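Convention: sequence-line order gives letters A, B, ...; per-chain numbering from 1. Note that the structure is a prediction, hence the values are computed from the model and not measured.
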Amino acid sequence: MRWSRTLIPTLKEDPADAEVVSHKLMVRAGLMRKLASGAYTYMPLGFRALNKALQIVREEMDNAGAIEILMPAVHPAELWEKTGRLAELGDTMMHIYDRQNRHFVLGPTHEEIVTDLVSREVKSYKQLPLNLYQIQTKFRDEIRPRFGVLRTREFIMKDAYSFDVDAEGLEKSYQAMYDAYCKIMERCGLKYIVVEAESGAMGGDVSAEFMVPCSAGEDLLATCTQCDYAANMERTQPAPLPEAQAEEKPLTEKATPGARTIEQVCEFLKAKPKKLVKTIIYKAGDETIAALVRGDHEVNEAKLARLLGCEIETADAEAIEKATGAPVGFAGPVGLGIKIIADQGVLSVRNFVTGANKADTHYLNVNLGRDFKPARIADIRFAVEGDNCHKCGAALHIQRGIEIGHVFKLGTKYSKKLGADYLDENGQTHPAIMGCYGIGINRIIAAAIEMSHDDKGIIWPAGIAPYQVEVIPLNLDMPEIIELADKVYAELDDAGLEVLMDDRDERPGVKFNDADLIGLPVRVVVGKKAMAQGGVEMKLRGEPGPQLISPENVIEEVKKRLES
RNA sequence: CGGGGUGUGGCGCAGUUUGGUAGCGCGCUUGAAUGGGGUUCAAGAGGUCGGAGGUUCGAAUCCUCUCACCCCGACCA
């Protein structure tokens with residue numbers, strides 16, 4: 001492709017509305033433009049990169065035995081009612097109504113649709129296992145789209161759904177997808193970490209996320225510095241903290257006027273947050289309960305909900321006052337008449353500070369066991385930097401990451417509700433055992449750029465670069481240069497390489513800077529300097545210094561470099 | 001949805017405090033010079049100052065409402 005014939009509008013300055021590098025560079029390098037918050041047009045270069053990633057995903061899915069289909073983006077709302085997810089995910093779905101006011105949603109994911117299909121078409125164990133996948137645009141009414149293409153309202157996803165006769169089959173299907181995902185990440189040039197994850201609204205209890213570690217990521221993940229433990233922070237289990245051994249001091253009431261938050265109390269008492277224990281009141285089903293964590297920790301509501309076996313939400317001011325008899329900010333476990341769940345970390349402090357269930361008052365020297373007895377002591381907090389691995393005891397490292405893919409073992413949640421049953425050899429009916437496997441194509445591009453760029457621009461991993469080679473003719477006033485550049489371009493093209501030639505009548509500096517910006521892996525410069533020595537220059541993006549090569553060897557040399 | 005911020009030519013911004021009819025850089029067009037890391041000179045094109053209403057002789061500027069976008073939070077496969 002010739003630059004002059006396509007559309008690559010590069011920008012010298014960062015767009016004002018971009019925060020993260022990938023967003024800035026995708027706009028500056030002319031990959032995409034924003035239409036509205038969370039909705040982007042992919043221009044030629046961006047679309048090519050997207051297609052590269054997509055093709056890799058498709059090939060690996062096919063290799064893993066998954067079968068491609070295409071489902072609609074428009075779904076009747078009824079189908080979502082059947083599984084209860086219309087209520088559960090309703091606000092994250094885009095709702096549309098047809099002219100007869102029938103209710104439809106734009107698909108945020110396709111478990112319902114594919115399961116409905118399979119329930120109709122698959123009747124026998126002989127048809128299983130089956131793994132159906134599609135590559136399609138998903139719609140989610142995100143509360144806050146952000147970070148360019150990392151969180152959008154419309155995005156391309158590859159989603160696969162496996163159906164098996166038993167747990168053993170599911171394990172195989174799951175493993176095949178897991179392995180395929182590893183290959184995809186590698187082929188896309190992404191460094192990645194696989195972490196244990198929270199299944200959330202998908203259901204099921206085993207899931208793993210494929211994360212690309214980088215500062216722009218929205219997720220926090222913990223990895224063990226010694227063993228192979230890695231988990232999303234939502235799921236990370238810290239090693240239990242050692243129990244405190246200090247001598248118990250007498251319980252004391254202390255006036256703390258106006259000090260409600262941990263910061264305020266610490267300031268007032270000149271104490272460290274870890275010497276405090278905070279009491280958070282939750283509505284758990286019909287019950288109101290109190291969760292206790294150390295002042296420097298945070299309650300992990302997913303863990304708490306799982307422990308209690310029901311959905312929870314933080315209580316409102318009214319409920320808190322009713323439960324504690326005190327205004328918000330002074331709740332404490334001593335004398336509290338509701339069920340108390342204490343985090344294990346609370347055991348690591350003695351003589352701590354808590355609210356006194358009385359306005360403007362805290363207790364000093366509170367001790368678990370002596371002053372109150374929790375119904376349960378469990379892990380209900382988020383891990384923090386400084387925590388240790390619960391498997392091997394070594395330090396945990398916490399970092400940010402971009403979630404590229406997520407694989408789930410779903411079990412029978414959907415197949416039961418939607419009647420995806422099969423008959424076994426004995427004519428017995430069973431629900432199919434399902435797994436689902438998603439990967440965000442757009443995020444592959446953004447993550448690759450986050451991971452691989454410098455102050456000049458993008459440095460594409462070869463696997464997903466929009467073109468493999470950029471040919472830059474300089475000194476366009478010399479016909480022999482144009483002739484040689486055309487020849488090199490044609491030969492590379494004929495050799496099956498993807499070539500972009502910057503044929504614009506621009507100054508060298510402009511072309512070099514744009515070449516660095518768009519970041520294609522190999523750059524071939526045809527100019528009078530090299531020509532005087534009978535050659536052309538070749539350089540890898542991200543590596544210094546071009547080297548002179550003979551025009552006859554261009555194809556061979558380019559190929560060699562692309563493979564390295 | 002709560003808090004904060006920003007909307008001025010294609011892009012990035014100044015001007016708003018103190019009202020007087022719009023400016024800078026980049027980009028774009030034409031011409032000339034230049035020609036290996038965003039070159040220079042000259043001449044141009046291009047703006048309902050996000051939108052609506054109001055105050056005023058006069059509004060980018062003041063007031064009211066509204067829309068969009070960004071950030072933090074809540075929320076979220």
Requested in this report: Would you classify A/Arg33 as touching base, sugar-phosphate or nothing, given that sugar-phosphate means primed atoms plus P, OP1 and OP2, and contacts are heavy atoms under 4.0 Å?
Outcome: nothing

Report task. Please determine, by modelled atom types, if A/Asp514 and A/Thr10 share a side-chain donor-acceptor pair under 3.5 angstrom. Result -> yes

Query - Complementary nucleotide for B/C13 - Watson-Crick or wobble, under 3.5 Å - result: B/G23

Query raised in the report: From the list B/G36, B/C75, B/U34, which nucleotide is the closest neighbour of the side chain of A/Val525?
Result: B/G36

Report task. Using a heavy-atom cut-off of under 4.0 Å over every strand shown, decide if A/Pro108 touches base, sugar-phosphate, or nothing. Result -> base

Requested in this report: Tell me, please, which residues at least two apart from A/Ala73 pass side-chain contact (heavy atoms from CB on, under 4.5 Å).
Outcome: A/Gln136, A/Phe139

Query raised in the report: Rounded to the nearest 0.5 Å, how far does OG1 of A/Thr236 lie from CG of A/Leu220?
Result: 9.0 Å

Query raised in the report: If the P atom of B/C70 is compared with that of B/C11, how far apart are they to the nearest Å?
Result: 15 Å

Report summary line: Here the distance between atom P of B/U34 and atom CG of A/Asp505, to the nearest Å, is 14 Å

Report task. Measure distances between side-chain N and O atoms of A/Asn475 and base N and O atoms of B/G35, and say whether any donor-acceptor pair falls under 3.5 Å. Result -> no

Report task. With sequence neighbours left out, write down each residue that passes side-chain contact (heavy atoms from CB on, under 4.5 Å) with A/His453, or none if nothing qualifies. Result -> A/Val21, A/Leu25

Query raised in the report: Rounding to a whole Å, what distance do you find between A/Ile482:CD1 and B/G35:P?
Result: 17 Å

Requested in this report: If the plane angle is over 60° it's perpendicular, under 30° parallel, otherwise tilted; pick one for A/His110 and A/His75.
Outcome: perpendicular

Requested in this report: Taking only the side-chain nitrogens and oxygens of A/Thr92, find out if one of them lies under 4.0 Å from OP1 or OP2 of B/C75.
Outcome: no

Query raised in the report: Under a 3.5 Å cut-off for both distances, is B/G46 Watson-Crick or wobble paired, and to whom?
Result: none

Query raised in the report: Would one find a side-chain N or O of A/Lys34 under 4.0 angstrom from OP1 or OP2 of B/C70?
Result: yes

Query raised in the report: Under the salt bridge (charged side-chain N to carboxylate O under 4.0 Å, His left out) test, which residues partner A/Lys278, sequence neighbours left out?
Result: A/Glu298

Query - A/Leu548 CG - B/G36 P separation (whole Å) - result: 17 Å

Report summary line: Quick tally for nucleotides 1-15 of chain B: nucleotides whose base has a protein heavy atom under 4.0 Å get B, sugar-phosphate-only ones S, the rest -, giving ----------BSS--

Query raised in the report: Using the P atom in both, what is the distance from B/U39 to B/G35, to the nearest Å?
Result: 15 Å

Query raised in the report: Watson-Crick or G-U wobble partner for B/A59, using a 3.5 Å limit on both distances?
Result: none

**Report entry** Residue list, side-chain contact (heavy atoms from CB on, under 4.5 Å) with A/Ser215, at least two apart or on another chain
**Finding:** none

Report task. Could you tell me whether the side chain of A/Arg523 has a donor or acceptor atom within less than 3.5 Å of a complementary atom in the base of B/G36? Result -> no

Requested in this report: For B/G50 and B/U16, measure between their P atoms and round to the nearest Å.
Outcome: 15 Å

Requested in this report: Would you mind classifying the nucleic acid contact of A/Glu537 as base, sugar-phosphate or nothing, using non-hydrogen atoms under 4.0 angstrom?
Outcome: base

**Report entry** A/Glu111 backbone acceptor or donor facing A/Thr115 side chain under 3.5 Å
**Finding:** yes

Requested in this report: Classify the nucleic acid contact of A/Ala532 as base, sugar-phosphate or nothing, counting any heavy atom under 4.0 Å across all strands shown.
Outcome: nothing

Report task. Applying salt bridge (charged side-chain N to carboxylate O under 4.0 Å, His left out), name anything that partners A/Glu480, two or more places apart in sequence or on another chain. Result -> none

Report summary line: Residue pairs passing the side-chain hydrogen bond (donor to acceptor under 3.5 Å, both in side chains) test with at least one member in residues 26-46 of chain A, sequence neighbours excluded, are A/Asp17-A/Lys34, A/His23-A/Tyr40, A/Tyr42-A/Asn442

Where do N or O atoms of nucleotides 27-30 of chain B meet protein N or O atoms at under 3.5 Å, pair by pair?
from  : atom 1 : to      : atom 2 : distance (Å)
B/G27 : OP1    : A/Lys12 : NZ     : 3.0

**Report entry** Pairing partner (Watson-Crick or G-U wobble, both distances under 3.5 angstrom) of B/U64
**Finding:** B/A52

Report summary line: Residue set satisfying side-chain contact (heavy atoms from CB on, under 4.5 Å) with A/Leu117, at least two apart, ordered chain then number -> A/Ile69, A/Glu121, A/Leu132

Would you tabulate the nitrogen or oxygen pairs shorter than 3.5 Å linking the protein to nucleotides 41-43 of chain B?
none

Query raised in the report: To the nearest Å, how far apart are A/Phe155 CZ and B/C76 C1'?
Result: 11 Å

Query raised in the report: In whole Å, what is the span from the CG atom of A/Leu35 to the P atom of B/C69?
Result: 10 Å

Query - Passing option when A/Thr83 is tested against A/Lys417, A/Lys416, A/Glu112, A/Glu88 for side chain to side chain donor-acceptor pair (under 3.5 Å) - result: A/Glu112

Query raised in the report: If you measure from the C1' atom in B/A42 to the same atom in B/U56, how many Å do you get, rounded?
Result: 43 Å

Requested in this report: Using the P atoms only, state how far B/U6 lies from B/A14, rounded to an integer number of Å.
Outcome: 10 Å

Query raised in the report: Between A/Tyr178 and A/Phe210, is the ring centre distance below 6.0 Å?
Result: yes

**Report entry** B/G37 - base-pair partner by Watson-Crick or wobble geometry, distances under 3.5 Å
**Finding:** none

Report task. Quick one: label A/Gly527 by what it contacts on the DNA or RNA (base, sugar-phosphate, nothing), any heavy atom closer than 4.0 Å. Result -> base

Report task. Taking atom P in both B/A59 and B/G2, compute the distance separating them and give it to the nearest angstrom. Result -> 33 Å

Report task. Write down the distance between CZ (A/Arg28) and P (B/C26), rounded to a whole number of angstrom. Result -> 16 Å

Requested in this report: Any strand is fair game: report the nucleotide pairing with B/A74 by Watson-Crick or G-U wobble, both distances under 3.5 Å, or none.
Outcome: none

Query - Pairs satisfying side-chain hydrogen bond (donor to acceptor under 3.5 Å, both in side chains), at least one member in residues 526-543 of chain A, at least two apart - result: A/Asp454-A/Arg541

**Report entry** Upstream residue (5' side of RNA chain B) when A/His23 and A/His406 are each assigned their closest nucleotide
**Finding:** A/His23

Report task. Indicate, with a heavy-atom threshold strictly under 4.0 Å, whether A/Asp516 touches base, sugar-phosphate, or nothing. Result -> base

Requested in this report: Return the set of residues passing salt bridge (charged side-chain N to carboxylate O under 4.0 Å, His left out) with A/Glu234 (not counting sequence neighbours), or none when no residue passes.
Outcome: none

Requested in this report: Whole angstrom is fine here: how far is it from CZ in A/Phe147 over to P in B/C69?
Outcome: 17 Å

Query raised in the report: Which listed nucleotide (B/G36, B/G73, B/G37) is nearest to the side chain of A/Pro508?
Result: B/G36

Query - Which residue lies more 5' along RNA chain B, comparing A/Phe512 with A/Lys138 via nearest heavy atoms - result: A/Phe512

Report task. When you get a sec, tell me which of B/G37, B/C71, B/U34 is the closest nucleotide to the side chain of A/Arg507? Result -> B/U34

Query - Same-atom distance (P) from B/G3 to B/U48, integer angstrom - result: 34 Å

Report task. Figure out the CD1/C1' separation between A/Ile472 and B/G35, and round it to whole Å. Result -> 15 Å

Requested in this report: Could you work out the separation of B/G23 and B/A68 based on their C1' atoms and round it to a whole Å?
Outcome: 25 Å

